[in-house]
Amino acid sequence: ASDVYKRQVEIVDRCPQTQDDWNDAAARKNCSQYADQCDQPDKLLYHCVINPYVNQTLEVCAYVQNIISGK
């Protein structure tokens with residue numbers, strides 16, 4: 001599934017700020033289009049995160065995961 005993540009990462013100016021903006025971004029990203037490439041397609045959801053170097057904001061479809069202290 002990691003190849004799926006890498007192929008569909010997009011750099012964005014910022015993450016959605018409201019629930020409506022988040023819903024719009026998730027609909028635009030359309031993570032369901034990648035579901036057939038994953039072992040657990042129902043867990044593949046839209047995420048907007050900061051990269052490890054803290055210099056870019058990224059949109060990606062990935063499995064649900066808690067991020068604590070950047071890890």
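Keep in mind the model is a prediction, meaning the values are calculated, not measured.
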A.B. asks: Quick one: are Cys48 and Thr57 in side-chain contact, heavy atoms under 4.5 Å?
C.D. replies: yes

A.B. asks: For a quick test of reading the model, state the closest non-hydrogen atom pair linking Gln33 to Lys29 and the distance between them.
C.D. replies: NE2-O, 3.1 Å

A.B. asks: Quick check for you: to the nearest 0.5 Å, what is the distance between Asn51 atom CG and Gln56 atom CD?
C.D. replies: 5.0 Å

A.B. asks: Verify the cluster assignment for Tyr63 and Tyr46: are they in a single hydrophobic cluster under the rule of side-chain heavy atoms below 4.5 Å apart?
C.D. replies: no

A.B. asks: Enter the distance from Cys31:SG to His47:NE2 here, rounded to the nearest 0.5 Å.
C.D. replies: 7.5 Å

A.B. asks: Give me the other members of the hydrophobic cluster that Ile50 sits in, counting Ile, Leu, Val, Met, Phe, Trp and Tyr linked by side-chain heavy atoms under 4.5 Å, directly or via other members.
C.D. replies: Val54

A.B. asks: Asp20 side chain to Asp24 main-chain N or O, any donor-acceptor pair under 3.5 Å?
C.D. replies: no

A.B. asks: For a side-chain hydrogen bond (donor to acceptor under 3.5 Å, both in side chains) check, start with the C-alpha distance between Asn30 and Ser32, then their side-chain angles and the critical distance, and finish with the verdict.
C.D. replies: CA-CA 5 Å; Asn30 188 20; Ser32 63; 2.8 Å; yes

A.B. asks: Kindly indicate whether the side chain of Val12, heavy atoms from C-beta on, has any atom under 4.5 Å from the side chain of Leu58.
C.D. replies: no

A.B. asks: Quick check for you: to the nearest 0.5 Å, what is the distance between Arg28 atom CZ and Asn23 atom CG?
C.D. replies: 12.0 Å

